[in-house]
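Since this is a predicted model, take the numbers as computed values, not measurements. Every heavy atom of this structure was used, including side-chain atoms; hydrogens, water molecules and symmetry mates were not. Start at 1 and go down the list; that is how both ligands and their atoms are numbered.
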Amino acid sequence: MENTISYARSKEVIVINDAKRGDIGSTSTAYARAFLGNGTISGDMVTVNPFLGSDGYMPFIDVAKEHNYY
Ligand SMILES: O=c1ccn([C@@H]2O[C@H](COP(=O)(O)O)[C@@H](O)[C@H]2O)c(=O)[nH]1
């Protein structure tokens, strides 16, 4: 996954992590940082599962704002 994302980035391809994540707030924050931050599996977008409500999806919005994706 890291290699694929790195290659896509080198070609300036938009990376969408189809991760479908959503968990308790602290775990969602960790997922959001991993998928939208500056890490090796970070992309430009991520899919989110809203099943757990706003605690589960708000961390993704907050991290997206921090990184100007929103
Ligand atoms: O109140 C809770 C606490 C935890 N979970 C689930 O467990 C994992 C691991 O949580 P830790 O607090 O790191 O042990 C967490 O990601 C949740 O999936 C939970 O649902 N509700």
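Transitive grouping of hydrophobic side chains (ILVMFWY, heavy atoms separated by less than 4.5 Å) keeps I14 and L36 in distinct clusters.
Put simply, the side chain of V48 does not reach to within 4.5 Å of the side chain of I61, judged on heavy atoms.
When the heavy atoms of D55, D23, L52, I24 are ranked by distance to atom 4 (C) of ligand 1, first place goes to I24.
Not one N or O on the side chain of S28 forms a donor-acceptor pair closer than 3.5 Å with the backbone of G22.
At a distance under 4.0 Å, no protein heavy atom can be found next to atom 9 (C) of ligand 1. Protein non-hydrogen atoms do reach within 4.0 Å of atom 20 (O) of ligand 1.
In this structure, Y57 OH and N49 CG are separated by 12.0 Å, a value rounded to the nearest 0.5 Å.
Protein heavy atom closest to atom 16 (O) of ligand 1, with residue, atom name and distance, is T27 OG1, 2.7 Å.
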